[in-house]
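The first residue of the sequence shown is numbered 1, and numbering continues consecutively from there.
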Amino acid sequence: PIPNPQSPIPNPQSPFFFKNNIINSFFKNKMVSFKLSIYYFILLFQIYMNLSTDKNQKDLTPLYQELKGCYNYFMDTTNFIEDSKGYGLTQDRFTDKSLSSIAATGFLLASYPVFVELKYMEYHIAKNIVNKTFDTILNIQLDKTTSYAGCISHFLDKKTGKRYGTSEISTIDTAILVSGVISAAQYFKDDLLIEKGNKIWSNVDYNKFKTIRDGKHYISMGISDIDNPKQLSPFDYYAEQLMIYILGAGNPNPEHRISSIFYKTITKEKGTFNGISHIYSWFGSLFTYQFSQAFYNFKLFNDENGINYYYNSVLASKTDFFYCKSLQTNYKTFTTPSWGLTACDIPGGYSGELGAKPKGFGDDSEHYLKIQGTVAPTAAISSMPFTPNESYDALVYYQSNKEICHEKYGLIDAFNFDYEGGQWYDKDFIGIDKGIEVLQIYNYINDDFVANLSMNNPYVIEGFINNNFIKAERKDWLN
């Protein structure tokens, strides 16, 4: 029989951060006009209804169709060659057969439990693949040309597991890889897998990536030269790296644990668009609100200042929808069902700049205006747990266009209906985008299934506690 692990974590808790942003801001501002007050309550009701949407009332066929496309993608782009030093590594993108991404591999590891639950794979086959992939990762961590302090090169040769060119040793991509390791180990509930998984995690020492800017302590994005480990730019703003602080503070090896100071010092600045306020990332890209929340159930914890990052992602996703909607007269791509700005392919390359307001990055340059109007389908789809109605409608719309939805692999990476007076469709698929879709679609379908897997690891809970996160209390905030 296929195990169906049930998390002991309680049901999702009340969104205090959401309440404080909408309700409190209304009552405290006595200058708010009657018209705006009506708008606030309509907005509040809309978001509440989104969060309360009964999945059973929807036809889930489009979701399963995309999940199967993601499965097909990974089965065709992953190294399953026995005795290969790169066994289990998956490609960064479909068109480059030799380039592997450790982040995409991390997403794939967390996807195996989903594939088993959906009966795309047999339990013992997936478990065996995970076990051998863990061995690959452990061996790579021992390679001093490819790994530093347990962190691994962002890109690897898919066959050899060696560092690809001059790819940086990446703290965040290693965090995604380790998060996938934790999720897979907890699902299969095998003592050997859990031991190997915790070993992979224990090997990572984020203390080696400390950096100081303007007197503040940060974790850097990594290093480019192993022999001369000068730190790259710091993670100084809230973004996708929340998982680094959880992994660092909860590391099974006490000597490799990091202080909560690194979480405390990142900028957590609040901005507002269309009446919705939330803590924003530098580029405002949706993936920054999705990656950590896909692996870890942030519903269950508020930080010491009352921030709940799950509900912050709800607000950010809703804002992205409204932002795209506000540009409908400027860009043909932004029809109501078509929305979502995130890092993706663009005409002529790849960009991490695309995102919605509020954000720290200015978007009035000639270059930015040229790539504006590019939509990555993964952006809206991977916010399915946050904006189920808008994300579902986007998915159905994308699947209705054969140029956007591939028959075998599902959604392409990006498209633009406004590029140089014509329509541009990407010809590629990207591993991390397929991976985040699997996790977030299934988190929506099956009540935070993936996000709860990691919460069964006691070291993960220690990671939250050591960063002074506290359990969110249950309360009927709407009433």
Side-chain angles (χ1 to χ4, degrees), residues 70-112 115 121 126 128-148 150-184 196-197 200-201 203-204 221-224 226 240 287 291 295 343-345 349-350 352 378 409 413 426-439:
C70 294
Y71 168 78
N72 291 336
Y73 170 86
F74 282 120
M75 293 304 103
D76 286 353
T77 58
T78 301
N79 181 352
F80 293 126
I81 301 174
E82 297 291 339
D83 300 323
S84 170
K85 292 184 179 180
Y87 184 93
L89 300 179
T90 196
Q91 289 171 205
D92 173 61
R93 57 175 61 233
F94 184 78
T95 53
D96 194 330
K97 307 301 182 184
S98 61
L99 182 67
S100 170
S101 157
I102 61 170
T105 302
F107 278 116
L108 174 57
L109 284 168
S111 296
Y112 285 123
F115 297 155
M121 301 183 75
N128 184 52
I129 291 172
V130 167
N131 182 44
K132 291 194 287 188
T133 304
F134 282 11
D135 289 338
T136 296
I137 298 169
L138 285 166
N139 288 329
I140 291 173
Q141 287 183 315
L142 294 173
D143 183 352
K144 301 304 180 183
T145 67
T146 303
S147 176
Y148 176 81
C151 285
I152 298 173
S153 173
H154 183 177
F155 298 116
L156 302 174
D157 184 288
K158 179 183 169 184
K159 293 182 179 179
T160 66
K162 291 285 188 179
R163 185 180 184 183
Y164 197 94
T166 58
S167 171
E168 84 282 7
I169 305 298
S170 172
T171 53
I172 181 57
D173 292 282
T174 297
I176 295 172
L177 177 66
V178 172
S179 296
V181 165
I182 295 170
S183 298
K196 287 182 179 180
I200 292 170
W201 183 3
N203 288 340
V204 178
M221 296 182 182
I223 60 172
S224 57
I226 294 177
E240 75 277 11
F287 81 93
F291 279 16
F295 287 105
C344 65
D345 282 349
Y350 183 89
T378 186
Y409 300 124
D413 189 64
D426 194 13
K427 301 300 182 183
D428 216 343
F429 307 89
I430 296 180
I432 57 173
D433 293 343
K434 287 297 178 186
I436 186 63
E437 286 178 18
V438 173
L439 271 55

Any residue meeting side chain to side chain donor-acceptor pair (under 3.5 Å) with [X], in chain and number order, not counting sequence neighbours:
{"X": "Asn72", "answer": "none"}
{"X": "Lys97", "answer": "none"}
{"X": "Tyr409", "answer": "Asp76"}

Does some side-chain heavy atom of [Y] sit less than 4.5 Å from a side-chain heavy atom of [X]?
{"X": "Phe291", "Y": "Ile436", "value": "yes"}
{"X": "Leu156", "Y": "Thr146", "value": "yes"}
{"X": "Arg163", "Y": "Ile226", "value": "yes"}
{"X": "Glu168", "Y": "Ile223", "value": "no"}
{"X": "Lys158", "Y": "Gln91", "value": "yes"}
{"X": "Gln141", "Y": "Ile152", "value": "yes"}

Item to check | Qualifying residues under ring-ring contact (aromatic ring centres under 6.0 Å, His included), relative to Tyr164, sequence neighbours excluded | outcome: none
Checklist entry - Any idea how Tyr73 and Phe429 line up, ring-wise: parallel (<30°), tilted (30 to 60°), or perpendicular (>60°)? => result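 Geometry flag for Phe429 against Tyr73: tilted rings.
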Item to check | Among Asp413, Ile430, Asp428, the one residue meeting side chain to side chain contact (heavy atoms under 4.5 Å, CB included) with Phe94 | outcome: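 Going through Asp413, Ile430, Asp428 one by one, the side chain to side chain contact (heavy atoms under 4.5 Å, CB included) with Phe94 is satisfied by Asp428 alone.
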Taking only residues two or more places apart in sequence, or in another chain, which ones meet [X] in a salt bridge (charged side-chain N to carboxylate O under 4.0 Å, His left out)?
{"X": "Lys427", "answer": "none"}
{"X": "Asp345", "answer": "Arg93"}
{"X": "Asp96", "answer": "none"}
{"X": "Lys196", "answer": "Asp135"}

Checklist entry - Does the side-chain contact (heavy atoms from CB on, under 4.5 Å) test come out yes or no for Val438 and Tyr71, once each step is laid out? => result CA-CA 8 Å; Val438 173; Tyr71 168 78; over 6 Å; no
Checklist entry - What do the steps show when you test Phe134 against Ile200 for side-chain contact (heavy atoms from CB on, under 4.5 Å), and what is the final call? => result CA-CA 8 Å; Phe134 282 11; Ile200 292 170; 4.1 Å; yes
Sequence neighbours excluded, which residues qualify as side chain to side chain contact (heavy atoms under 4.5 Å, CB included) partners of [X]?
{"X": "Thr78", "result": "Phe74, Phe80, Thr90, Leu108, Tyr112"}
{"X": "Lys159", "result": "Asp157"}
{"X": "Asp92", "result": "Leu99, Ser101, Phe155"}
{"X": "Ala110", "result": "Ser183, Phe295, Leu439, Val450"}

Next on the checklist: Show, in sequence, the C-alpha distance, side-chain angles and deciding distance for Ile102 and Ile176, and conclude whether the side-chain contact (heavy atoms from CB on, under 4.5 Å) test is met.
Outcome noted: CA-CA 8 Å; Ile102 61 170; Ile176 295 172; over 6 Å; no
Checklist entry - So, the side chain of Ser170 versus the backbone of Thr174: is there a donor-acceptor pair under 3.5 Å, distance only? => result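 Pair absent, no side-chain N/O of Ser170 close to backbone of Thr174.
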Checklist entry - Under 3.5 Å, is there a donor-acceptor pair between the Ser167 and Ser153 side chains? => result yes
Rounded to the nearest 0.5 Å, what separates atom [atom1] in [X] from atom [atom2] in [Y]?
{"X": "Trp201", "Y": "Ser179", "atom1": "CH2", "atom2": "OG", "answer": "8.5 Å"}
{"X": "Lys162", "Y": "Ser100", "atom1": "NZ", "atom2": "OG", "answer": "14.5 Å"}
{"X": "Ile432", "Y": "Glu437", "atom1": "CD1", "atom2": "CD", "answer": "11.0 Å"}
{"X": "Asp143", "Y": "Leu138", "atom1": "CG", "atom2": "CG", "answer": "13.0 Å"}
{"X": "Ile137", "Y": "Asn203", "atom1": "CD1", "atom2": "CG", "answer": "11.0 Å"}
{"X": "Ser147", "Y": "Ile140", "atom1": "OG", "atom2": "CD1", "answer": "9.0 Å"}

Next on the checklist: Other residues, nucleotides and ligands only: do more than 12 of their heavy atoms fall within 6.0 Å of NZ on Lys85?
Outcome noted: no
Checklist entry - Stepwise, does the side-chain contact (heavy atoms from CB on, under 4.5 Å) test hold for Thr378 with Phe287? => result CA-CA 9 Å; Thr378 186; Phe287 81 93; over 6 Å; no
